[in-house]
Undergrad: 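Here it is, the structure, as C-alpha cells.
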2 protein chains.
Amino acid sequence: MPSRHVWIGRKAMCGEAHAHRCKSCRYVSKAAVNTQADYDYDRPLMKTQVPGPRSKELTKQMGQIQNNTAINFFCNYEESRGNFLVDVDGNRMLDVYTQIASIPIGYNHPALLKVVSDPNNASAFVNRPALGILPPESFVDKLTEGLLTVAPKGLNRVQNMACGSCSNENAYKAMFIWYRNKERGTSIPSDADLSSCMINQLSILSFSGAFHGRTMGCLATTHSKPIHKLDVPSFDWPIAPFPRLQYPLDEHVRENAQEEARCLEETEDLIVKWRHKGMPVAGVVIEPIQAEGGDNHASAAFFISLRKIASKPYRIFNTWMGDPSKNLLLAEVLNVIRQENLLAEVTRTGKALLGGLYELQAKYPNLLSRARGQGTFCAIDVCKASVRDKLILQARDNGVILGGCGDLSIRFRPALIFKEHHVHMFLNVFSDLLAAHK
Amino acid sequence: MPSRHVWIGRKAMCGEAHAHRCKSCRYVSKAAVNTQADYDYDRPLMKTQVPGPRSKELTKQMGQIQNNTAINFFCNYEESRGNFLVDVDGNRMLDVYTQIASIPIGYNHPALLKVVSDPNNASAFVNRPALGILPPESFVDKLTEGLLTVAPKGLNRVQNMACGSCSNENAYKAMFIWYRNKERGTSIPSDADLSSCMINQLSILSFSGAFHGRTMGCLATTHSKPIHKLDVPSFDWPIAPFPRLQYPLDEHVRENAQEEARCLEETEDLIVKWRHKGMPVAGVVIEPIQAEGGDNHASAAFFISLRKIASKPYRIFNTWMGDPSKNLLLAEVLNVIRQENLLAEVTRTGKALLGGLYELQAKYPNLLSRARGQGTFCAIDVCKASVRDKLILQARDNGVILGGCGDLSIRFRPALIFKEHHVHMFLNVFSDLLAAHK
C-alpha cells in the first residue's frame, strides 16, 4: 500500500475538522452538516488493511467447511451502525454497497431493533407458517399497510415469496399458466393436458446483460456474466438487445433514440421468430435498471413502448411463500422511510453524488466515463476492469466499501440514510485515489 | 356435521378424564401420562367448525389482494403452544401436520422465544448479510456447532441456502459443474467454454412420484402431481421408477426385493440411454422417503445399491445464501432436541403411532391399508381419495389437524415434542370417525 494511501487511510479519516484544514488536497471544501441520527458513526476508522488478520484466519477456517473464494472479509454486525460496517479486525468503513443493496435503512436501525425486542412480535420470529395455507390473522392487514402502499399505481394485488429468484421463478410460471389458460379458454385443464405436461414449448423473452437470479428458470434469462451460466442446462429462449445509451444523455438525444428503436424492433422480430419456431413467447422480463449487468438505463419512452409490445396475468405455491417476520421488518422500514422523509433525502443525496461523479469524470476523462444514476442508485465506468478492481480494493483499505458491476462499472448502493456528508466522505477518498493513480 | 361428530368435537375433547369414563366408545382405554412441558396445552378445544366465521371473513379479504384458494384457515400464532395450533375463531387443534413439517419443536417453544428476546441476538435479526461475501464473525462456529453436528457421517462440509428449492437448484448446478470440470480436467473454463455456454446438454435423473421443489430446475425433477408441472417448460431428463413396496413388509420380502431390483435395473438402463441421447446424467436426486408423492419408502439396501450406481461432487452463490437469524433458531432447536432427548422420545412416540395405525387398519381393512413410517414420520392409505379428504376435514372439525399426500395417503408430521398421550388423542378422534364412517 503506497504511503499516500496510508495517509488517507490513517489520517484523512479523522473527519470534517481535518477536511477543513487541508482544503487544497481534498475534493470537497465545505463539509456538509452532519444531521445523522445518534446511532450512526461519524467517520471511517481503519486499523488494518482489509481483510485484516482476524478475517484472514476466519476465511481459512471457513475453507474447511465450504467454498470461501467469494468472501471479502468477516463482519462484526453487532458493532456496525447506520452507514458504517465494522469488520472483525475493528475496521469501520463507510458502506456504499450495503450487502448488495439489501440494508435499506442502515445497520442496526433503532426502529428495527425495537421491532425485534417487542414481545408482541416474538411469535412471528419463532413460528414460521406455511403462509399459503395457514396465514396469521394480521397477514392481509400487514400486506395492505406495507407492500401494497408502495406498489406501482394500478397494481393492487401482491404475491409474496421468500427471495428474488423464487419471485421470478413464480412470475415466469404465472406467465406460462396465463398463456395456456388463454389458449384453452379455461383455467381448468383437461385430462389430456394433465397427462401430456412433461415438456412444454413456451418461452420467456429477456435482454442481453440481464440478471434475474441463479435458479434454473431465472438463469435461463440471466446474461450478465458467462460464468453464471457455464455448464448448466438452459432453455432455448430469445434474448433481445438492451439499449446501450451514450452519456451525457442531453448530448446524445438522437443516437439514443435510434438505439432504443433498434432494440424494440429486434424484440418484435424475436417474438415473431420464436412463434414460428413453435416456442411462443409467454412473457417478457426486464430490469428497470440493469444492475449486475453494468447499471444500464433506458428511457421511460423505451419501457412504455415495450409495455405496448407485451400486452400481459395461478398455481403458485410453496411451503413458506415468504416470512411474516420479514414483513414486520418491512413495515418498519417503510415507516422509517416516511417518517424520516428518506425519498426526498435520497433525491438530494443522489444529486450530490451524481454531481460529484460528473466533476470527477470531467477532471479524469481518461479514467472515468458514463456517470449515471437515479437517486443514489448511481454508477460510473472506469477505463479498464483491472483499474476498476484496484480502485475498489484501495477505497476499502481507505474506509469506503464500493461494489463493481458489468465489465467496467463501479456501482453505488448506499442505504437510504446516506446523507450529503457521506457523499463528501466518499468523494474525498475516491478523489485522492484518482489523483494518486494519475 | 352429524351429531356424533359434534359429540366428539364438543365433549370428547375435554381430555383424559373423559376418556377414562367412557372406555367402551374410545380407541384407547389407558390415557398416557402427560409429561408435556407447562407451555403446551393439554387438549383440543373446538368452538366452531373450521374454518370459522372469522377465518372465512379474512379469507374473503385475502381474495382481494392475492389468490386465496389454498387457504385452510387463519391462525392465532401468539396463542398457539407446543402441539396445539389456535385459529382466529378460538379453536385449538392438536397439530399432527405442523405447517407441512416445519415447526420442529412445536409452537412458541420457550427456548426459541428466549433466543429472540436476547438482546445479543437482535443484530442477527435486523442485519441480513450477503453471507457469501460478508459473513458474521460467528458464522463458521455456528455452522460447526449446529448443522455439521447433525450431518450424515462422512459429510464434513456444508453449503447453506435460504430454502429447499434454492438448495436443490444449487445442488443440481454443483452436479453439472462437477461433471464438466471432470470432463475438461480443470475447473478453469476456456474462452470457448465461456462463449458457448448457452444451451448445455446434461441431465439429472429423478424418480417417479418425487417432489424436489417448484422452481424450474427442481420442477423438472418433481413428479408427484401433474398440476405442479402443467404449462411450465421443462427439461427432457430421465425419470426412473421409485419402488412401490407392499405392506406389511415382513409378509412381502421376496416381492419387495424384486420390485427394488427392477427399479435399479431401469435406473441403469436410463443412464445408458441418456448417454446415447447425448444428454449424459450428471447426477441423481432422490428423497429418502417420498413425502408429497405419497410417503413411499424403500429399503436401505436399495439406497446402498443406488449409491453404487451413482459414484458422485462451485460456482454457487446468491445474495443471501441463508439467513443467520434462522441459524440461531436452528442451534437452539438442536439444543432442545438434545436436552429433551427428543430423538429417543420420537422413536417411542412413533412406535405408539404406528402401532395404533396397524390396529386401526386391522379393524377397518376396507377403509385403511399400508400403514408405514419411520419415527413419527408415518402415513396410512385410505380406500378412496374422497374418503381420505373427508376424514381429514372431519378430524379438523374435531380438533385434529392432519395432512394428505399422494393420491390416497394421510401423512403424519407432528412436532418432535409430540408424546404418546398426543398419539392417543389423535387415535381417539380418528377411531371415532372411522366407526361413524362405517
Side-chain angles (χ1 to χ4, degrees), chain A residues 61-62 65-67 70 72 74-78 88 99-100 107-108 112-113 116 122-123 125-127 129-130 132-137 140 143 157-159 162-163 169 173 176-177 180 189 194 197 199-200 202 214-217 226-227 229-236 314-315 317-319, chain B residues 61-62 65-67 70 72 74-78 88 99-100 107-108 112-113 116 122-123 125-127 129-130 132-137 140 143 157-159 162-163 169 173 176-177 180 189 193-194 197 199-200 202 214-217 226 229-236 314-315 317-319:
Chain A
Q61 286 177 25
M62 185 147 174
I65 63 167
Q66 64 178 240
N67 184 288
N72 291 354
F74 277 76
C75 304
N76 183 337
Y77 287 104
E78 291 73 18
V88 291
Q99 313 284 329
I100 321 180
Y107 295 101
N108 288 309
L112 297 185
L113 291 171
V116 174
S123 161
F125 285 94
V126 303
N127 306 300
I133 56 173
L134 295 167
E137 181 158 22
V140 179
L143 284 177
R157 295 173 67 87
V158 62
Q159 180 59 62
C163 75
E169 289 277 337
K173 288 168 66 176
F176 295 129
I177 293 168
R180 291 293 190 207
L194 288 172
C197 67
I199 309 289
N200 280 278
L202 289 174
R214 295 159 175 263
T215 50
M216 291 178 69
I227 193 73
K229 299 168 74 73
L230 179 70
D231 304 333
V232 183
S234 193
F235 296 105
D236 177 23
Y314 237 53
R315 286 189 306 271
F317 184 86
N318 64 46
T319 299
Chain B
Q61 286 175 25
M62 185 148 173
I65 64 167
Q66 65 178 239
N67 185 289
N72 292 356
F74 277 76
C75 304
N76 183 337
Y77 288 104
E78 292 73 18
V88 292
Q99 313 286 327
I100 321 180
Y107 295 101
N108 289 307
L112 298 185
L113 291 171
V116 173
S123 161
F125 285 94
V126 304
N127 305 302
I133 56 174
L134 295 166
E137 180 158 22
V140 179
L143 284 177
R157 295 171 66 86
V158 60
Q159 180 59 63
C163 74
E169 290 276 336
K173 288 167 66 176
F176 295 129
I177 293 168
R180 291 293 190 207
D193 289 332
L194 288 171
C197 68
I199 309 290
N200 280 278
L202 288 175
R214 296 158 174 265
T215 51
M216 290 178 70
K229 300 168 73 75
L230 180 70
D231 305 334
V232 183
S234 193
F235 296 106
D236 177 23
Y314 236 81
R315 288 189 302 276
F317 184 86
N318 64 48
T319 300

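Letters A, B, ... are given to chains in the order of the sequence lines, protein chains preceding strands, and every chain is numbered from 1.
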Undergrad: For B:L113 and A:A122, which heavy atoms make the closest approach, and how far apart are they?
TA: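 Taking every non-hydrogen atom into account, CD2-CB, 3.7 Å.
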
Undergrad: Specify which of A:L112, A:L134, A:V116, A:N76 makes the most heavy-atom pairs with chain B at under 4.5 Å.
TA: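 Sorted descending by pairs with chain B, the first entry is A:L134.
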
Undergrad: Is any side-chain heavy atom of A:V232 closer than 4.5 Å to one of B:L202?
TA: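 No - every pair of side-chain heavy atoms lies 4.5 Å or more apart.
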
Undergrad: Main chain of A:M216, side chain of B:K173: is a donor-acceptor contact present, judged purely on distance under 3.5 Å?
TA: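 Between the backbone of A:M216 and the side chain of B:K173 there is no qualifying donor-acceptor contact (under 3.5 Å).
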
Undergrad: Do you know which of A:N127, A:N72, A:L143 has the most heavy-atom pairs with chain B at a distance under 4.5 angstrom?
TA: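 Looking at each option in turn, the highest pair count goes to A:N127.
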
Undergrad: Main chain of B:C75, side chain of A:E137: is a donor-acceptor contact present, judged purely on distance under 3.5 Å?
TA: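 Not at all, since once roles are kept as given, no pair shorter than 3.5 Å links the two residues.
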
Undergrad: Indicate the atoms forming the closest heavy-atom contact of B:R157 with A:N67, along with that distance.
TA: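 Shortest heavy-atom contact: NH2-N, 3.5 Å.
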
Undergrad: Provide the closest heavy-atom pair for B:F74 versus A:P136 in the form atom of the first, atom of the second, distance.
TA: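 Reported closest heavy-atom pair: CD2-O, 3.4 Å.
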
Undergrad: When rounded to the nearest 0.5 angstrom, what is the spacing between CZ in A:F235 and OG in B:S234?
TA: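 Result: 6.0 Å between the selected atoms.
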
Undergrad: Measure from the side-chain N and O atoms of B:Q66 to the backbone N and O of A:V158, and report whether any donor-acceptor pair falls under 3.5 Å.
TA: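 Confirmed, B:Q66 side chain pairs with A:V158 backbone.
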
Undergrad: Would you give the length of the straight line joining atom CD of A:E169 to atom OG1 of B:T215, rounded to the nearest 0.5 angstrom?
TA: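 Spacing of CD (A:E169) from OG1 (B:T215) equals 5.0 Å.
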
Undergrad: Any chance you could lay out the side chain to side chain contact (heavy atoms under 4.5 Å, CB included) test for A:V126 and B:Y107, step after step, and finish with the verdict?
TA: CA-CA 8 Å; A:V126 303; B:Y107 295 101; over 6 Å; no

Undergrad: If I compare all heavy atoms of B:Y77 with all of A:P135, which pair ends up nearest, and what's the gap?
TA: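 Heavy atoms of B:Y77 and A:P135 come nearest at CE1-C, 4.1 Å.
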
